[in-house]
Amino acid sequence: MIISLSWLKNHLDTKANLNQIADRLTEIGLEVENIKSSNANLDNFIVCKIVKSQKHPNADKLNLCDVDIGIGNLIKVVCGAQNAKDGLFTVYAPPGATIPKTNMKLKIAKIRGVESQGMLCSGYELEQSSDQEG
């Protein structure tokens, strides 16, 4: 049987963490075969807002986005999503983050001559959606 931690905590009066709960379940005879976290690999990702999106000066299918991640200054990100527009809330992956779908580790890079300080991600790239449209 597969159950979620949130469902389990709705039925238990406990402040125990996940490992303590798993140990206790095993002690009382309920084998815990596997613990899977659906979003442990998303800790570095940040919900952000595209403040300004404009066409990339050296590419027809890319945008240059000024992104607000809540630290006071805007981040410049080169983005290939066709739906990137001013005011859109999306997910920002900073340099050092690993994209779940491709297992690619990000670094600051020049894309067609413009520095990109991370990546704007779709649900598909984060393995949270099957929609590949962006």
Side-chain angles (χ1 to χ4, degrees):
M1 177 188 313
I2 298 172
I3 59 174
S4 70
L5 180 61
S6 61
W7 179 87
L8 197 55
K9 284 197 169 192
N10 282 337
H11 299 283
L12 298 174
D13 183 21
T14 183
K15 292 181 183 172
N17 66 35
L18 176 61
N19 291 329
Q20 292 168 327
I21 291 172
D23 289 344
R24 184 67 181 131
L25 287 171
T26 302
E27 287 172 6
I28 63 171
L30 301 171
E31 181 181 0
V32 177
E33 290 181 22
N34 188 6
I35 297 174
K36 180 181 176 186
S37 176
S38 64
N39 60 0
N41 56 351
L42 301 178
D43 289 344
N44 294 332
F45 295 79
I46 303 166
V47 174
C48 69
K49 181 178 182 180
I50 299 175
V51 175
K52 183 178 180 185
S53 178
Q54 58 193 19
K55 291 296 259 178
H56 190 293
N58 302 321
D60 293 335
K61 295 185 178 183
L62 296 175
N63 294 314
L64 182 56
C65 299
D66 291 328
V67 179
D68 182 358
I69 62 169
I71 61 171
N73 55 330
L74 300 178
I75 305 292
K76 295 239 181 244
V77 178
V78 175
C79 177
Q82 300 301 312
N83 63 340
K85 62 182 180 185
D86 296 2
L88 179 74
F89 285 89
T90 187
V91 177
Y92 168 72
T98 300
I99 305 302
K101 188 70 177 175
T102 61
N103 211 26
M104 176 179 66
K105 187 169 184 172
L106 296 181
K107 60 183 178 181
I108 295 174
K110 280 196 175 183
I111 301 173
R112 295 283 192 119
V114 177
E115 185 174 272
S116 182
Q117 300 175 359
M119 179 177 166
L120 301 180
C121 301
S122 68
Y124 179 76
E125 292 161 325
L126 300 174
E127 295 186 325
Q128 301 296 307
S129 170
S130 59
D131 182 9
Q132 297 182 37
E133 293 298 313

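Computed from a predicted structure; not experimentally measured. FYI, the numbering just counts along the sequence from 1.
A distance of 13.5 Å separates SG in Cys121 from NZ in Lys101, rounded to the nearest 0.5 Å. Remark: Asp86 CG to Gln54 CD distance equals 9.0 Å, nearest 0.5 Å. Distance CG/Leu30 to CD1/Ile3: 8.5 Å, rounded to 0.5 Å. The line from OG1 of Thr14 to CZ of Arg24 is 10.5 Å long, rounded to the nearest 0.5 Å.
Counting non-hydrogen atoms of other residues, nucleotides and ligands closer than 6.0 Å to CD of Glu27 gives a total above 12. Around the NZ atom of Lys55, the shell of radius 6.0 Å holds more than 12 heavy atoms that belong to other residues, nucleotides or ligands. Within a 6.0 Å sphere centred on NZ of Lys9, heavy atoms belonging to other residues, nucleotides or ligands number more than 12.
The side-chain heavy atoms of Leu120 and Leu88, taken from C-beta on, include no pair separated by under 4.5 Å. For the pair Phe45 and Ile99, the minimum side-chain heavy-atom distance is below 4.5 Å. In this structure the side chain of Asp66 reaches within 4.5 angstrom of the side chain of Lys76, judged on heavy atoms. Here the side chains of Glu125 and Thr102 are not in contact, with every heavy-atom distance at 4.5 Å or above. Looking only at side-chain heavy atoms (C-beta outward), His56 and Val78 come within less than 4.5 Å of each other. Here the side chains of Ile35 and Asn19 are in contact, with some heavy-atom distance below 4.5 Å.
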Determine, stepwise, if the pair Cys48 / Thr90 fulfils side chain to side chain contact (heavy atoms under 4.5 Å, CB included).
-> CA-CA 5 Å; Cys48 69; Thr90 187; 3.6 Å; yes
Would you sort out whether Ile50 and Lys85 count as a side chain to side chain contact (heavy atoms under 4.5 Å, CB included), showing the intermediate values?
-> CA-CA 7 Å; Ile50 299 175; Lys85 62 182 180 185; over 6 Å; no
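Taken together through direct or relayed side-chain contacts under 4.5 Å among Ile, Leu, Val, Met, Phe, Trp and Tyr, Tyr92 and Leu126 form parts of separate hydrophobic clusters. Linking ILVMFWY residues whenever their side-chain heavy atoms come closer than 4.5 Å, directly or via other members, leaves Ile108 and Val77 in distinct clusters. When hydrophobic clusters are built by joining Ile, Leu, Val, Met, Phe, Trp and Tyr residues whose side-chain heavy atoms come closer than 4.5 Å, directly or via intermediates, Val114 is grouped together with Leu62. Under the 4.5 Å side-chain contact rule for hydrophobic residues, Val32 and Leu18 share a cluster. Linking ILVMFWY residues whenever their side-chain heavy atoms come closer than 4.5 Å, directly or via other members, leaves Phe89 and Ile75 in distinct clusters.
The shortest non-hydrogen separation linking Met119 to Met104 is SD-CE, 4.3 Å. Of all heavy-atom pairs between Gln117 and Pro95, the closest is O-CD, 3.6 Å. Taking every heavy atom of both residues into account, Cys79 and Cys65 meet most closely at CB-SG, 4.1 Å. The two atoms that bring Lys105 and Gly96 nearest to each other are CE-O, 3.4 Å, heavy atoms only. A pairwise comparison of heavy atoms in Ile111 and Ser116 identifies CD1-CB, 3.9 Å as the closest pair.
Val51 belongs to a hydrophobic cluster whose other members, connected by ILVMFWY side-chain contacts under 4.5 Å either directly or through intermediates, are Leu74.
Between the side chain of Asn44 and the backbone N or O of Thr98 there is no donor-acceptor pair closer than 3.5 Å.
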